[in-house]
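Okay, so here's the structure we're looking at.
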Amino acid sequence: MANELTVAVLGPGGVGGLLAALLSRTGHRVICLSGEKTAEILRTDGIRVRSAAFGDFTARVQADTELREQVDACLVTVKHTALDAALARIPAPVLSDGLLVPFLNGVEHPAALRARYRPDRVAPAVIRVESTRVAPGVIEHGSPFAEIDLTGADVPRARLEALAGAFAEAGPATRVLEDETAALWAKMSFLAPFALLTTRYGLPLGEVRSRHRAELTALVEETAAISRACGGPADPARALARYDAFPPATKSSMQRDAEAGHPLELDAIGGALLRAAERHGIPAPVTARVVSEVRPFA
């Protein structure tokens, strides 16, 4: 990769729009991939970001409905529920040698993407951020942080480092991690109890951790046991401490989707968790019950 990268962003929503704008602002060429209506807005108005951490600014981007040229990297930032349809915008022969960088919830998507694109160019990433698309091309970044973990055991290290350097220069604190499994399960271990319980009860995190503390603790412990069996980290006490440190009004993206009547990423999170538990013979009765109680909202 050269110092100036060409980066496609599939799904310029809360996460994708923020990363597209930050990369563009630091001089990289960015092509956003979306439906025609959104693409036209982005071509005309760019992406407007409101962020206490990165400032308020407008970034110019290119936009199209499909990837039509080779790029250094393509960031996949759609919801899991829209993934299959969205991937039609990235023909494998066009992506070719470009990195495919999924910022997706769950742990099962890397295998599916490697069956469709070059396995040694799929570089799963994890982002910790609160960022919301409030209108096409308008992004509100609410968290005081944005942190990225970039992985990909078979991806050339120089390619990962170059992309990580571009992210870091643009603003988010970025690391390249050796252990893809650990990185994905570290996020899953935190996300699953948070997403499932806030959605189940329709409550922000502060009320979940006070009114449903025992259930949260049990779910965290089950998730940690599943993560450990899969080769990921397992520290229930640390997970609970992280929940306690978050602002009490914090909501999960799954909860916000439920409130808006949007499809839920329940299978990618709760379903994947239960499938992993079954594979490894880990009892997960609380997880199974909560997933079944959230399912009507999906």
Side-chain angles (χ1 to χ4, degrees), residues 3-65 67 71-80 82 86 89 99 101-105 125-150 162-175 187 191 246-247 249-257 259-260 262 265:
N3 290 333
E4 180 180 325
L5 305 181
T6 297
V7 179
V9 178
L10 177 65
V15 170
L18 177 65
L19 294 178
L22 290 171
L23 288 168
S24 174
R25 184 170 69 164
T26 49
H28 300 285
R29 180 172 171 242
V30 176
I31 307 167
C32 291
L33 305 175
S34 65
E36 181 55 47
K37 184 176 179 180
T38 296
E40 180 59 32
I41 292 172
L42 298 183
R43 285 192 289 263
T44 303
D45 300 333
I47 298 176
R48 289 172 285 167
V49 173
R50 298 194 287 264
S51 169
F54 301 128
D56 296 352
F57 65 97
T58 298
R60 309 305 303 183
V61 296
Q62 296 175 241
D64 206 337
T65 59
L67 185 65
V71 294
D72 294 301
C74 180
L75 315 184
V76 180
T77 56
V78 297
K79 292 281 189 178
H80 223 296
R89 302 188 191 279
L99 298 187
V101 187
F103 287 87
L104 295 169
N105 291 326
V126 169
I127 186 166
R128 290 173 289 277
V129 70
E130 183 181 354
S131 186
T132 304
R133 188 190 87 153
V134 296
V138 182
I139 307 298
E140 288 187 354
H141 170 221
S143 58
F145 56 84
E147 303 168 346
I148 294 173
D149 291 338
L150 188 59
L163 183 58
F167 284 141
E169 182 186 10
T174 305
R175 307 180 296 177
K187 180 175 182 180
L191 174 64
F246 268 63
T250 301
K251 294 183 177 182
S252 68
S253 60
M254 185 186 289
Q255 179 186 2
R256 293 183 188 278
D257 284 339
E259 291 172 347
H262 295 158
E265 294 184 300

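Since this is a predicted model, take the numbers as computed values, not measurements.
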dist Leu75:CG -> Phe167:CZ (nearest 0.5 Å) comes out at 4.5 Å
Quick one, Leu42 and Ile47 - any side-chain contact, counting heavy atoms below 4.5 Å? yes
Write down the atom of Gly16, the atom of Thr77, and the distance for their closest heavy-atom approach. CA-OG1, 3.2 Å
Can you list the residues that meet the ring-ring contact (aromatic ring centres under 6.0 Å, His included) rule with Phe246, with sequence neighbours excluded? Phe190
How close do Ile139 and Ser131 get, counting heavy atoms only, and between which atoms? CG2-OG, 3.2 Å
Quick one, Arg89 and Asp64 - any side-chain contact, counting heavy atoms below 4.5 Å? no
Check Ala170 against Pro172 and note the closest heavy-atom contact, atom names and distance. C-CD, 3.7 Å
Which value, rounded to the nearest 0.5 Å, describes the distance between Asp72 atom CG and Thr6 atom OG1? 5.5 Å
Of the non-hydrogen atoms in Leu5 and His28, which two are nearest, and what is the gap between them? N-ND1, 3.0 Å
Point-to-point distance, once rounded to the nearest 0.5 Å, from CZ of Arg50 to OG1 of Thr132: 10.5 Å
Checking Lys251 now: which residues fulfil salt bridge (Lys or Arg N to Asp or Glu O under 4.0 Å) with it, not counting sequence neighbours? Glu259
Only pairs under 3.5 Å count here: list side-chain donor-acceptor contacts from residues 17-26, not counting sequence neighbours, and write none if there are none.
| unit_1 | atom_1 | unit_2 | atom_2 | d |
| --- | --- | --- | --- | --- |
| Ser24 | OG | Arg60 | O | 2.6 |
| Arg25 | NH1 | Phe54 | O | 3.0 |
| Arg25 | NH2 | Phe54 | O | 3.2 |
| Thr26 | OG1 | Leu22 | O | 3.2 |
| Thr26 | OG1 | Leu23 | O | 3.0 |

Shortest non-hydrogen pair, Ser143 vs Phe145, comes out as OG-O, 2.7 Å
Between the main-chain N or O of Ala82 and the side-chain N or O of His80, is there a donor-acceptor pair closer than 3.5 Å? no
For residues 29-42, pull every pair meeting salt bridge (charged side-chain N to carboxylate O under 4.0 Å, His left out), keeping only residues two or more places apart or in separate chains. Arg29-Glu69, Glu36-Arg43, Glu40-Arg43
Are the side chains of Asp257 and Lys79 in contact, using a 4.5 Å heavy-atom criterion? yes
Holding to salt bridge (Lys or Arg N to Asp or Glu O under 4.0 Å), I want the full list of residues that pass it with Asp149, two or more places apart in sequence or in another chain. Arg128, Arg175
Nearest 0.5 Å, please: how far is CG in Leu150 from CZ in Phe103? 7.0 Å
Selection residues 7-24 - residue pairs positive for salt bridge (charged side-chain N to carboxylate O under 4.0 Å, His left out), sequence neighbours left out: none
Between NE2 on residue His262 and OG on residue Ser253, distance to nearest 0.5 Å: 12.5 Å
Shortest non-hydrogen pair, Pro12 vs Ser34, comes out as CD-CB, 3.9 Å
What's the spacing between Thr65 OG1 and Leu33 CG if we round to 0.5 Å? 8.0 Å
